[in-house]
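Keep in mind that the numbers below use all heavy atoms, side chains included, and drop hydrogens, waters and symmetry copies. Here is how names work: the chains are called A, B, and so on, in the same order as the sequence lines, proteins then strands, and each is numbered from 1.
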Amino acid sequence: MQRIKGRWRDLVLEELKELAREEYNLDPEQIDGAHLVISTPPEEKLGDLALPLFPYAKVLRNAPPKIAAQLCERVNAAAAAQELGTAETAGGYLNLRLNRDQLIEPALAEVFKAGEEYGRADTLNGVRTVVEFSCPNTNKPLHLGHLRNDALGESVSRILKFAGSEVRKVNLINDRGVHICKSMLAYRTFGEGATPESEGTKSDHFVGDYYVRYSQWEAEEPDAERQAKELLQRWEQGDPETVDLWLQMNRWAIDGIEETYKRTGVGFDAIYFESETYKAGRDEVLKGLERGVFYQAEDGSVWVDLTDIDLDQKVLLRSDGTSLYLTQDIGTAIQRHHDWPFERMIYVVASEQNYHFKVLFSVLERLGFNWARNLYHLSYGMVNLPEGKMKSREGTVVDADLLLDKLNEMAVSEITSKAREDEISDLHGTAERIALGALHYFLLQTSPNKDMVFDPAASLSFNGNTGPYLQYTCARISSILRKAEAAGIEPPSAESLPEDLAGLLAHADEWQLVKQLAVFPEVVAQAAEGLNPTVVTTYVYELAKAFSGYYHEVPVLRAESPEQVRARLALALAVRQVIANALRLIDVPFLERM
RNA sequence: GCGCCCGUAGCUCAGCUGGAUAGAGCGUCGGACUUCGAAUCCGCAGGUCGCAGGUUCGAAUCCUGCCGGGCGUACCA
């Protein structure tokens with residue numbers, strides 16, 4: 001589609017310049033091509049593409065409808081020569097109608113030929129991008145907020161890759177600090193040698209339970225906090241007993257969290273640990289201090305003054321010389337660029353840290369790293385509940401594993417209520433894929449920067465604009481294909497597409513679908529540019545909806561001729577391929593049956 | 001106080017690098033299963049795009065102010 005749009009645009013622009021020269025005595029250079037944008041008419045019957053001509057009224061000193069009329073005549077003559085299609089006017093618009101032969105066959109052939117690769121764009125070819133996301137604490141299991149983060153990070157990474165970028169997904173495990181010591185302290189005090197195995201508890205939940213236990217204990221034990229801080233000191237001093245306990249509990253926490261990653265299809269190319277990087281920023285800060293980028297206060301603390309760019313003065317090293325969160329992020333960024341020199345690094349982190357990243361990026365720039373200009377904070381909004389914010393103190397935090405279990409149960413009962421258990425080979429596995437589809441689609445449907453409301457009861461229905469709806473559309477197409485094969489129809493493939501596809505697919509819905517398929521690579525490029533999976537969710541839903549309406553109205557296997565059956569089958573398979581490719585980008589599993 | 005973000009149908013959300021009559025799902029109401037799977041399809045109703053100005057041939061989209069909400073403004077992370 002991109003190619004066809006480009007040809008039309010070139011053609012129209014040339015004719016517009018000619019028109020300006022011949023009819024208006026203007027230098028063609030005065031026609032600014034930047035104003036010539038191709039859009040889509042509001043209604044199908046108006047045409048396939050639209051070009052508003054209003055911007056040229058001023059330079060041509062004529063009314064847009066008149067310009068459109070003059071231009072239309074010329075464009076039609078030129079387009080006919082290239083067999084591109086026809087143009088017509090509607091007010092100040094020049095509307096274009098494409099020659100269907102030029103799109104239908106090439107577009108479907110391309111989908112079949114490229115298969116899983118169809119839609120790949122090249123807009124980011126060669127760009128090395130680091131995407132940091134998830135970044136869990138090792139004192140409790142993942143919750144709904146992490147799920148949004150993970151879905152975004154994973155999806156954006158896949159989208160960037162599909163747009164040609166070389167992507168390295170990284171995680172930063174927050175495995176140090178006083179909050180970690182709190183669950184350690186509670187375990188040491190109350191654990192009595194219990195293990196996740198002995199309790200039959202998922203290991204990260206096991207650790208989280210002790211963090212909760214600490215909070216309860218803290219309420220009645222005034223000395224609790226002091227003990228936690230003391231434990232942190234012992235850890236920093238490398239006390240063997242403390243370090244052993246820390247290693248053990250971190251292992252439990254991380255093992256459990258990794259189980260959840262595996263369950264949700266999330267993965268990383270490199271994992272960083274704060275316990276290993278938290279001192280790394282120190283040296284960089286001290287170097288910066290020597291070079292006069294930072295300054296030292298009387299008490300020994302080191303500061304950066306960002307007031308000249310309307311930020312504050314921030315502490316980079318405490319008066320006792322220890323690192324802060326910001327310090328460690330400086331070190332981590334530098335280390336990552338050293339490990340794998342990147343052009344861009346994207347941090348997927350909640351919007352509450354907007355200020356933090358402004359400061360971080362400014363500091364790195366002041367330290368003279370030229371790559372610092374290409375750091376980007378992909379900020380996303382809070383996930384709230386219908387009752388309001390999630391609060392750990394009130395126990396309203398939605399646990400990731402429990403949510404997935406709940407969704408799985410719902411999917412199982414949906415399948416059994418339709419008496420479809422016998423149709424699918426793996427009930428639990430299928431339910432799990434439906435659950436994931438529902439969850440990820442839901443989380444990615446809202447633009448990242450916006451807060452969202454998560455209603456567990458209503459919002460994760462499997463009907464309507466949902467992940468399972470998309471999976472269902474694919475399952476239906478798969479079902480049609482199975483029926484065709486059973487009937488001895490040779491399924492269309494890249495090597496054996498029916499002749500005269502354009503002639504056989506003459507229905508208005510078929511034309512609409514082909515146009516939607518053809519535009520997918522542009523959708524990918526747009527999603528990549530905007531770092532926005534919502535572009536994909538919106539697109540794939542519209543495609544599935546269009547196909548659902550189509551196959552209800554137009555029979556595939558009972559078409560008028562065997563050739564037409566194969567043509568419609570080819571279209572259906574192409575639609576399934578594109579939906580599947582799009583689903584992969586938003587981490588929604590594809591299903592043949594459900 | 002200051003800074004950043006958000007405000008679109010009863011609810012949840014698209015649309016925002018300006019373009020034709022603002023879209024979807026849920027919910028309400030009404031239709032379609034002896035016919036490729038009804039997790040589906042078709043239809044009705046539902047809007048001062050928070051308010052007020054401004055820029056423009058044209059504003060949900062850009063600018064300013066105000067109102068409402070969120071987040072931040074730690075030698076926490």
Need to verify one output field. Residue with the more 5' nearest nucleotide on RNA chain B, A/Tyr469 or A/Arg558? A/Arg558
How would you label the contact of A/Ala475 with the nucleic acid (heavy atoms, under 4.0 Å): base, sugar-phosphate, or nothing? base
Establish, yes or no, whether the cationic atom of A/Arg176 lies under 6.0 Å from the six-membered ring centre of A/Tyr278 and within 45° of the ring axis. yes
Separation between the C1' atoms of B/rC5 and B/rA45, rounded to whole Å: 35 Å
Do A/Glu542 and A/Gln516 pair up side chain to side chain, a donor and an acceptor below 3.5 Å, judged on atom types alone? no
Compare all side-chain heavy atoms of A/Ile31 with those of A/Leu60 and state whether any distance is below 4.5 angstrom. yes
Interatomic distance, A/Gln328 CD vs B/rA77 P [rounded to whole Å]: 7 Å
Rounded to whole Å, CZ of A/Arg176 lies from C1' of B/rC76 at a distance of 11 Å
Spacing between A/His35 atom NE2 and B/rU17 atom C1', to the nearest angstrom: 14 Å
Interatomic distance where NZ belongs to A/Lys358 and C1' belongs to B/rC5 [whole Å]: 10 Å
Would you say A/Asn354 and A/Ser379 are linked by a side-chain donor-acceptor pair, where the criterion is simply a distance under 3.5 Å? yes
With sugar-phosphate meaning primed atoms plus P, OP1 and OP2, does A/Tyr325 contact a base, only sugar-phosphate, or nothing at under 4.0 Å between heavy atoms? base
Looking only at side chains, do A/Glu432 and A/Asn408 share a donor and an acceptor under 3.5 Å apart? yes
Using the closest heavy atom to pick a nucleotide of RNA chain B for each, name whichever of A/Met382 or A/Pro555 lands nearer the 5' end. A/Pro555
For RNA chain B, the residues among residues 418-441 of chain A that have a non-hydrogen atom under 4.0 Å from it: A/Lys418, A/Arg420, A/Ile434
What's the closest nucleotide to the A/Lys545 side chain, out of B/rG37, B/rC57, B/rC42? B/rC42
Verify the distance criterion only: is there a donor paired with an acceptor across the side chains of A/Arg593 and A/Thr430 at less than 3.5 Å? no
Ignoring backbone atoms, test whether A/Ser479 places a side-chain nitrogen or oxygen under 4.0 Å from the OP1 or OP2 oxygen of B/rG37. yes
B/rG70 versus B/rA32 - spacing of their C1' atoms, nearest Å: 45 Å
Look at all strands and tell whether A/Tyr541 reaches a base, only sugar-phosphate, or nothing, counting heavy atoms closer than 4.0 Å. sugar-phosphate
Could you list the protein-to-nucleotides 46-49 of chain B atom pairs, N/O on both sides, closer than 3.5 Å?
none

With heavy atoms under 4.0 Å as the rule, sort A/Asn384 into base, sugar-phosphate or nothing. nothing
Output a table of nitrogen or oxygen pairs between the protein and nucleotides 9-15 of chain B separated by less than 3.5 Å.
unit_1 : atom_1 : unit_2   : atom_2 : d
B/rC13 : OP1    : A/Val453 : N      : 2.4
B/rA14 : OP1    : A/Ser447 : N      : 2.2
B/rA14 : OP1    : A/Ser447 : OG     : 3.0
B/rA14 : OP2    : A/Lys450 : NZ     : 3.1
B/rA14 : O2'    : A/Thr538 : OG1    : 3.0

Does A/Lys314 put a side-chain nitrogen or oxygen below 4.0 Å from OP1 or OP2 of B/rU73? no
Check whether any side-chain N or O of A/Asn354 sits under 4.0 Å from OP1 or OP2 of B/rG3, and answer yes or no. no
Listed nucleotide nearest any side-chain atom of A/Ser548, set B/rU73, B/rA77, B/rU40: B/rU40
For A/Tyr295 and A/Gln313, test the side chains for any donor-to-acceptor distance below 3.5 angstrom and give the result as yes or no. yes
Results of ring pair (Phe, Tyr, Trp, His ring centres under 6.0 Å) for A/Tyr541 - residues two or more places apart only: A/Tyr469
Is the number of heavy atoms from other residues, nucleotides or ligands within 6.0 Å of CD (A/Glu529) greater than 12? no
Provide the distance between the two C1' atoms, one in B/rG7 and one in B/rC13, to the nearest whole Å. 13 Å
When you compare B/rG27 with B/rC11, how far apart are their C1' atoms, in angstrom units rounded to a whole number? 8 Å
Aromatic contact, A/Tyr376 with A/Phe357 (centres under 6.0 Å): no
Give a yes or no on whether a salt bridge exists between A/Arg420 and A/Glu414, defined as a side-chain N under 4.0 angstrom from a carboxylate O. no
Scan nucleotides 59-62 of chain B against the protein and return all N/O pairs shorter than 3.5 Å with their distances rounded to 0.1 Å.
none

Between A/Tyr380 and A/Arg148, do the side chains contain an N or O donor and an N or O acceptor separated by less than 3.5 Å? no
A/Lys389 side chain near B/rC71 phosphate (N/O to OP1/OP2, under 4.0 Å): yes
For A/Phe273, check ring pair (Phe, Tyr, Trp, His ring centres under 6.0 Å) against everything at least two apart and list the hits. none
For a quick check, with a 4.0 angstrom heavy-atom cut-off, what is the B/S/- contact string for nucleotides 18-23 of chain B, read 5' to 3'? -BBB--
Rounded to whole Å, the OH-C1' distance (A/Tyr472 to B/rC36) equals 11 Å
Remember a base hit wins even if backbone is also touched, and classify A/Val554 as base, sugar-phosphate or nothing at under 4.0 Å, heavy atoms. base
Atom pair distance, as rounded to whole Å: CG in A/Leu557 and P in B/rG37: 8 Å
Compute whether any side-chain donor of one residue and acceptor of the other, for A/Asn449 and A/Ser447, lie under 3.5 angstrom apart. no
Residue set satisfying ring pair (Phe, Tyr, Trp, His ring centres under 6.0 Å) with A/Tyr211, at least two apart, ordered chain then number -> none
Of the listed nucleotides (B/rG72, B/rA77, B/rC36), which one gets closest to any side-chain atom of A/Glu352? B/rG72
Give A/Leu317 one of three labels, base, sugar-phosphate or nothing, depending on what nucleic acid heavy atoms sit under 4.0 Å from its own. nothing
From CG of A/Leu311 across to P of B/rC2 the rounded distance in Å is 17 Å
Mind checking ring pair (Phe, Tyr, Trp, His ring centres under 6.0 Å) for A/Tyr325 and listing every partner two or more places apart, or none if nothing turns up? A/His356
What nucleic acid atoms does A/Asn174 come within less than 4.0 Å of, heavy atoms only: base, sugar-phosphate, or nothing? sugar-phosphate
Could you tell me the separation between the CG atom of A/Leu591 and the CG atom of A/Leu470, rounded to the nearest 0.5 Å? 11.0 Å
Distance, rounded to the nearest Å, where A/Leu470 contributes CG and B/rA24 contributes P: 17 Å
Within 6.0 Å of NZ in A/Lys5, more than 12 heavy atoms from elsewhere: yes
Any luck finding a side-chain donor-acceptor pair between A/Tyr24 and A/Gln30 under 3.5 Å? no
I need the full list of ring pair (Phe, Tyr, Trp, His ring centres under 6.0 Å) pairs touching residues 431-450 of chain A, with sequence neighbours left out, sorted by first then second residue. A/Phe442-A/Phe454
Among residues at least two apart in sequence or on other chains, which ones pass side-chain contact (heavy atoms from CB on, under 4.5 Å) with A/Asp32? A/Ala34, A/His35
Base-paired stretches in RNA chain B with three or more consecutive Watson-Crick or G-U pairs, both distances under 3.5 Å, amount to B:1-7 with B:67-73, B:10-13 with B:23-26, B:29-32 with B:40-43, B:50-54 with B:62-66
Establish, with yes or no, whether the OP1 or OP2 oxygen of B/rC26 is under 4.0 angstrom from a side-chain nitrogen or oxygen of A/Asn465. no
